[in-house]
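For reference, the structure is listed below as structure tokens.
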Amino acid sequence: MTRKVRTRFAPSPTGPLHMGGVRTALYCYLFTKKMKGDFLLRIEDTDQGRFVPGAEEYIIEALNWVGISPSEGQSIGGDFGPYRQSERKHLYKQYADLLVEKGHAYYVFTSDDNWAELRESLIAQGKPSPKYDNVNRQYLKNSLTLPADEVQKRLAAGEEYAIRYKMPRNEEVKFKDIIRDVVSFQTNQLDDKVLMKSDGMPTYHLANVVDDHLMEITHVVRGEEWLPSTPLHVLLYKSFEWEMPEFAHLPLILKPDGKGKLSKRDGDRLGFPVFPIDWTNPETGEESKGFRERGFMPEAFLNMLAFLGWNPGTEQEIFSKEELIDTFSLERVGKSGARFDFEKTKWFNQQYIKNKTGEELAVLTKPMFEKAAYKVDDKMLATICDMTKERVTFMKEFPEMSYYFFEDIKAYDEKMLKKKWKNENKEKIDVLVEQLYALEDYSGENIEKTVKAFMEETGLGFGQVLPVLRISVTGTMQGPPIFEVMSLLGKETVNKRLAKGIEKAVELNS
RNA sequence: GCUCUGUUAGUAUAGUGGCUAGUACGCCUGGGUUUCAUCCAGGAAACAAGGGUUCGAUUCCCUUACAGAGUACCA
């Protein structure tokens, strides 16, 4: 009776997957890996009208980027394919027919189905959302109200029809949700949902239940928006007499301010991405920024997402993927929607960068430096990354913040240079420049020793010496320890920059 | 409108029938680095409201408010 855990992530390819979708996939993945089960990707493309080319590839790439790739799917392979619902079209019809046979569903003929008119007149009467339900169906033309021989005749004539589920009357549907515990609905509140559309495609409800059964899915992990249609799914399993999976409905991700769920608009408005990776709409050419391109590390993004609605109950916040798999449980997922917090997201990224070694960061940032046409040496790059990592939030800041290792100073902090410079000290400083240039051992420690000895001798203080060095060499007052920077830059470069910087300082003060 | 779901500092959350209600991000103050950042120390800041139940409720129950989702031949 204990089946192997199998779960699926089942997006529809109607556009780029946003972070809410990634989180759903993540929770599903973590749960599955913890249970040593199979995690598969199924594309729910039963609505041809909303299909967007490239969306499926986007989904796969996004999942790969964060490292939660499915082990079964259309392009991956597996024993339960095809994994694209449009390619399983032939399967659904027989199951819908089976339901009709068992008396759980019925035909409605679209040519003279008077539902559209009834619906409109009910709306006109002030009913906000009329339902094709177990009361109204008695007054509508369908295989329940039409004589049996006429139904046969119409079917034989090839008339267009849809199949609706026959919602029972006066029943209570109860099911257990892993996150919300028992949830119950009254069937009289539910309507006779369409199972097969007249274009021959199944609706989500039918396709989903049939596929989950055929693919031996044991746990349905999905967004909260599906909670209201879950009673229909439960009833469908019962009508088919199939073993029911367990359900877990995840809370939504909300916008950081105001009300409602997070949307692309919020990202544009508040200046943060809502998609994992860049996306260009093939029709409009409109571009949407992704976390990846914005400079986030996949592990940090994943860690942040995991904590949006879940927590381990301990004080630990930084989790590797393996630790997450170990610690995760659906029971500890919160019930209420979580607001996205970009500040905290940045903090996660910073933590991950800080915890990497210079060598690791060098590998990751090398392409960025090369893109800026900087000639990089691996060892030097590792040193630079190590020095800089504590003042960086995004990966792309590495080349920006350390450009002065590769090209001339673009801008001097003139205000500070002027303030910290006195022309009467020039002679003394010139001596220091000479001393430094004469150094055999151009290590950070030795430079520091020399500068300190010089200050001792001349009576000049830190404030009169260091800022001039720093600004001459890097252009700015901010940055890593200056003696280390000088050492890395090398004697020749430093000497040239010092000369130029001092010249500039004199100029500013005359 | 109806159905379902939810509500602890600005945000993410922990937690309990009786505690100074804990942690993290952010914010403020200070230390430190004679730069910046990291870091360290300290601070402000919350149980949505009203009724019950109870010796006692943030915690259990009800009502209200607010919020979210659903209410399609979309998923």
Side-chain angles (χ1 to χ4, degrees), chain A residues 10-14 44-50 85 108 110 113 115-116 119 126-133 160-164 177 179-180 183-186 188-191 193-205 207-208 222-231 249 251-252 254 256-261 304 307-318 332 334-348 350-351 353-354 387-393 401 413 416 420 461-467 469-471 474 476-482:
Chain A
S12 54
T14 53
E44 312 228 325
D45 55 350
T46 52
D47 185 4
Q48 296 122 321
R50 296 205 305 160
Q85 287 184 330
V108 295
T110 45
D113 175 26
W115 167 234
R119 182 187 149 89
K127 308 222 173 185
S129 51
K131 290 188 297 243
Y132 198 123
D133 62 11
E160 235 183 37
Y161 63 87
I163 297 175
R164 282 183 184 271
D177 184 280
I179 293 168
R180 283 152 223 284
V183 182
S184 74
F185 289 82
Q186 298 298 327
N188 289 4
Q189 303 292 345
L190 273 18
D191 61 344
K193 276 270 177 312
V194 169
L195 263 23
M196 285 296 283
K197 299 182 259 186
S198 54
D199 67 358
M201 276 296 208
T203 58
Y204 171 85
H205 306 102
N208 190 262
R222 73 220 312 190
E224 195 184 12
E225 69 269 25
W226 293 108
L227 193 57
S229 42
T230 305
H249 289 93
L252 267 22
L254 275 20
D257 58 341
K259 298 155 187 185
K261 63 176 176 187
M304 177 282 292
F307 269 73
L308 216 50
W310 169 85
N311 79 85
T314 64
E315 237 122 74
Q316 186 182 350
E317 286 199 284
I318 302 297
R332 284 201 70 90
K335 295 178 179 61
S336 50
R339 267 175 224 276
F340 174 66
D341 185 348
F342 192 50
E343 289 305 320
K344 187 97 187 201
T345 309
K346 289 199 280 194
W347 178 80
F348 272 112
Q350 215 176 78
Q351 294 301 307
I353 291 176
K354 219 178 59 184
M387 284 169 147
T388 319
K389 66 178 186 182
E390 263 153 26
R391 24 212 128 214
V392 134
T393 304
M401 259 180 141
D413 184 345
M416 192 58 79
K420 296 288 181 184
F462 280 94
Q464 289 164 295
V465 180
L466 260 18
L469 288 186
R470 183 176 281 284
I471 294 174
T474 69
T476 165
M477 276 303 282
Q478 302 165 2
I482 188 61

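Atom set for the values below is all heavy atoms of this structure, side chains included, hydrogens, waters and symmetry mates excluded. Remember, predicted model here, so these are calculated numbers, not experimental data.
Separating the NZ atom of A:Lys354 from the C1' atom of B:C36 is a distance of 15 Å, rounded to the nearest angstrom. Counting to the nearest Å, the P atom of B:A75 and the CG atom of A:Leu195 are 11 Å from each other. In this structure, A:Trp115 places its CH2 atom 8 Å from P of B:C73, rounding to the nearest Å. Look at CD on A:Glu224: it is 6 Å from C1' on B:U5, rounded to the nearest Å. Counting to the nearest Å, the C1' atom of B:A72 and the CD atom of A:Gln48 are 16 Å from each other. In this entry the distance linking CG of A:Leu254 with C1' of B:U7 reads 12 Å, nearest Å. As rounded to whole Å, 13 Å separates atom P of B:U35 from atom CD1 of A:Ile482.
Taking only distance into account, the side chain of A:Ser129 never meets the base of B:C2 through a donor-acceptor pair shorter than 3.5 Å.
Comparing the same atom, C1', in B:U23 and in B:C36 gives a spacing of 28 Å after rounding to whole Å. Separating the C1' atom of B:U59 from that of B:U53 is a span of 13 Å, rounded to the nearest Å.
Contact annotation: A:Thr46 reaches the phosphate of B:A75 (side-chain N/O to OP1 or OP2, under 4.0 Å). Regarding contacts with the backbone of B:C2, every side-chain N or O of A:Lys131 stays at 4.0 angstrom or more from both OP1 and OP2. Considering only side-chain N and O atoms, A:Arg222 lies nowhere under 4.0 angstrom from the phosphate OP1 or OP2 of B:A75. Between A:Arg332 and B:G15 there is a side-chain N or O to OP1 or OP2 distance below 4.0 Å. Here A:Arg164 reaches the OP1 or OP2 of B:C73: one of its side-chain N or O atoms lies under 4.0 Å away.
When the nucleotides B:G10, B:C74, B:U5 are ranked by their closest atom to the side chain of A:Arg50, B:C74 comes out on top. Relative to the side chain of A:Ser336, the nucleotides B:A72, B:G10, B:G6 differ in distance, and B:G6 lies closest. Here the nucleotide nearest the side chain of A:Arg339, chosen from B:A75, B:C4, B:A12, is B:A12. In the set B:A14, B:A12, B:C25, the nucleotide with an atom closest to the side chain of A:Trp347 is B:C25. Taking only side-chain atoms of A:Phe185, from C-beta outward, the nucleotide of B:C36, B:C4, B:U13 with the closest atom is B:C4. Closest contact between the side chain of A:Lys193 and the listed nucleotides B:A37, B:U5, B:U71 involves B:U71. For A:Gln478, taking side-chain heavy atoms from C-beta onward, the closest of the listed nucleotides B:A14, B:C36, B:U13 is B:C36. Listed nucleotides: B:C73, B:U5, B:U35. Nearest to the side chain of A:Lys197: B:C73. Checking B:G1, B:A69, B:C25 against every side-chain atom of A:Pro128, the shortest atom distance belongs to B:G1. In the set B:A69, B:A12, B:A14, B:A12 carries the atom at the smallest distance from any side-chain atom of A:Leu308.
The minimum heavy-atom distance between A:Glu224 and A:His249, with the atom names listed, is CA-CB, 4.2 Å. Nearest approach of A:Lys354 to A:Lys389, heavy atoms of both residues: O-NZ, 3.3 Å.
Contacts of A:Pro251 with the nucleic acid, taken as non-hydrogen atoms under 4.0 Å apart, are absent. Within the 4.0 angstrom heavy-atom criterion, no nucleotide atom of any strand lies near A:Gly334. Using a 4.0 Å heavy-atom cutoff across all strands shown, A:Lys346 reaches no nucleic acid atom at all. Residue contacts shown for A:Ala162 include a base, since a base heavy atom lies under 4.0 Å away. Within 4.0 Å (heavy atoms only), A:Lys127 reaches no atom of the nucleic acid at all. Across all strands, A:Thr345 comes closer than 4.0 Å to no nucleic acid atom at all (heavy-atom distances). Among the heavy atoms of the strands lying under 4.0 Å from A:Thr203 are primed sugar atoms or P, OP1, OP2 only; no base atom is included.
Between A:Trp226 and A:His205, the ring planes lie perpendicular to each other; the angle is over 60°, past the 30° to 60° tilted range. Aromatic ring orientation, A:Phe340 versus A:Phe342: tilted (interplanar angle from 30° to 60°).
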Review point. Yes or no on side-chain contact (heavy atoms from CB on, under 4.5 Å) for A:Gln351 and A:Ile353, after CA distance, side-chain angles and deciding distance?
Key: CA-CA 5 Å; A:Gln351 294 301 307; A:Ile353 291 176; over 6 Å; no
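Shown here, B:U53 forms no base pair; nothing in the strands shown gives a Watson-Crick or G-U wobble contact with both key distances under 3.5 Å. Base pairing analysis places B:U59 opposite nothing; no Watson-Crick or G-U wobble pair with both distances below 3.5 Å involves it. Pairing for B:C66 is with B:G6, a Watson-Crick or G-U wobble pair whose two hydrogen-bonding atom distances lie under 3.5 Å. When both distances must be under 3.5 Å, the Watson-Crick or G-U wobble mate of B:U34 does not exist. When both pairing distances are held under 3.5 Å, B:U16 makes no Watson-Crick or G-U pair with any nucleotide shown. In this entry B:U29 has B:A41 as its Watson-Crick or G-U wobble partner, both defining distances falling under 3.5 Å.
Side-chain atoms of A:Asp199 and A:Gln48, non-hydrogen and from C-beta on, do get closer than 4.5 Å to each other.
Between A:Glu225 and A:Lys261 there is no salt bridge, since no side-chain N of the basic residue sits under 4.0 Å from a carboxylate O of the acidic one.
The structure places OG1 of A:Thr345 at 7.5 Å from CG of A:Leu308, a figure rounded to the nearest 0.5 Å.
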